[in-house]
**Q** 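Structure provided below as structure tokens; questions to follow.
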Amino acid sequence: MSDIEKKQFDRVTKTLEQWQDREEWFFNREYTDRYEDYYETRYKRAEIWQKKTLAKLITKDERVNTLLEFGCGTTRFTRWWNEIGIEASGADISPFMLGQGAHLFDGDLALADSHHMPFKDNSFDALAFIATFAYYKDPIKVIREAVRVGKYGIIFGIMNRNSTKVVRRRIQEVFNKNEYYKTANFYTPDSLIEKIHEALEGRLYEIEWTATGLPKWFPMQQWGFPIGDFFALHVKLTDVE
């Protein structure tokens, strides 16, 4: 990507403040400019285990060589897909997040809405949603778009509603201490699977998930129970060659 293309994300109108008829934190530079810092400090350990759970699932499908991450933000995870051998591209609705990502990532990036993905059918082997799926007003439509564009399936990384940390964050919101999750709709593995079943009726697929985000003192950091701050879930489409 040329320097001119990278600068274009920074030039998108600064009057953009809403998406889906509501204000979102990722249209506010006060929050987006700090995003990378969180992963370099307080969420560093959590990120390590999140990546382990995601890699464990996605690498089982040997058909996946290319991937599009929607809601890629600053490309924190988009860069990492390439590190584990998957050629990744990114897309996001926030020009502020992409403006940072364009200076950190050498691959392709697109400013786009996940409900209307500007890509041809089967453009990528898989779609990824990492810490973003909770913000979609029409998750059924997004899932259907994802399997249209991603030939072999979807990998989700999402905050778990069955987490004490989610309760803490909701309390913080009451006191205006946490803007990041104000519009988020958290899922459990079961509730996300229900959405997937509804969206993919008539398709053939397999689902596997694993959870992490457990206390540091806990004897296991990754397991198959719906308890933990974060879970990864892979939808493997089996009705395609």
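Remember, predicted model here, so these are calculated numbers, not experimental data.
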**Q** Could you work out, with side-chain hydrogen bond (donor to acceptor under 3.5 Å, both in side chains) as the rule, every residue matching T59, not counting sequence neighbours?
**A** none
**Q** Name all residues meeting the side-chain hydrogen bond (donor to acceptor under 3.5 Å, both in side chains) criterion together with T53; count only those two or more places apart in sequence or in a different chain, and write none if there are none.
**A** none
**Q** With F70, which residues qualify under ring-ring contact (aromatic ring centres under 6.0 Å, His included), at least two apart?
**A**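 F70 satisfies ring-ring contact (aromatic ring centres under 6.0 Å, His included) with no residue once adjacent residues are dropped.
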**Q** Can you sort out the partners of K51 under salt bridge (charged side-chain N to carboxylate O under 4.0 Å, His left out), two or more places apart, ordered by chain and number?
**A**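 Testing K51 for salt bridge (charged side-chain N to carboxylate O under 4.0 Å, His left out), a comparison that skips the adjacent residues, returns E47.
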**Q** Only counting residues at least two apart or in another chain, list the ones meeting side-chain hydrogen bond (donor to acceptor under 3.5 Å, both in side chains) with T66.
**A**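 Residues passing side-chain hydrogen bond (donor to acceptor under 3.5 Å, both in side chains) with T66: D125.
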**Q** Tell me every residue that passes side-chain hydrogen bond (donor to acceptor under 3.5 Å, both in side chains) with T188, counting only those two or more places apart in sequence or in another chain.
**A**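 Listed in chain order: S191.
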**Q** Going by side-chain hydrogen bond (donor to acceptor under 3.5 Å, both in side chains), name the pairs with one or both residues in residues 198-208, residues two or more places apart or in two chains.
**A**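 Sorted result for residues 198-208: K60-E208, H197-Y205, R203-D239.
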**Q** Pair L214, W49 - check side chain to side chain contact (heavy atoms under 4.5 Å, CB included), show working.
**A** CA-CA 10 Å; L214 296 154; W49 280 100; over 6 Å; no
**Q** Can any side-chain N or O of S123 pair as donor or acceptor with the backbone N or O of V149 at less than 3.5 Å?
**A**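 No, S123 side chain to V149 backbone: no donor-acceptor pair under 3.5 Å.
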**Q** Can you check side chain to side chain contact (heavy atoms under 4.5 Å, CB included) on K236 and R63, steps first, answer last?
**A** CA-CA 10 Å; K236 179 181 178 181; R63 303 172 300 173; 3.4 Å; yes
**Q** Taking only residues two or more places apart in sequence or in another chain, which ones pass ring-ring contact (aromatic ring centres under 6.0 Å, His included) with F124?
**A** F119
**Q** Got a donor-acceptor contact below 3.5 angstrom from the R79 side chain to the T74 backbone?
**A**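 Side chain of R79 to backbone of T74, a donor-acceptor pair under 3.5 Å: yes, one is there.
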**Q** What residues, two or more places apart in sequence or in another chain, satisfy side-chain contact (heavy atoms from CB on, under 4.5 Å) together with R144?
**A**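 R144 satisfies side-chain contact (heavy atoms from CB on, under 4.5 Å) with I140, A199 only.
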**Q** My understanding is that only residues two or more places apart in sequence, or in another chain, count here; which of them pass side-chain contact (heavy atoms from CB on, under 4.5 Å) with P189?
**A** N160, W209, P226, F231
**Q** Which distance, rounded to the nearest 0.5 Å, do you find between the CG of L237 and the CG of L204?
**A**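 That separation rounds to 9.0 Å.
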**Q** Going by ring-ring contact (aromatic ring centres under 6.0 Å, His included), name the residues that satisfy it together with Y152, two or more places apart in sequence or in a different chain.
**A**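 Scan of Y152 (ring-ring contact (aromatic ring centres under 6.0 Å, His included), adjacent residues dropped) gives none.
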**Q** Once side-chain hydrogen bond (donor to acceptor under 3.5 Å, both in side chains) is applied, what residue pairs with a partner in residues 214-228 remain, sequence neighbours excluded?
**A**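 For residues 214-228: R45-Q221.
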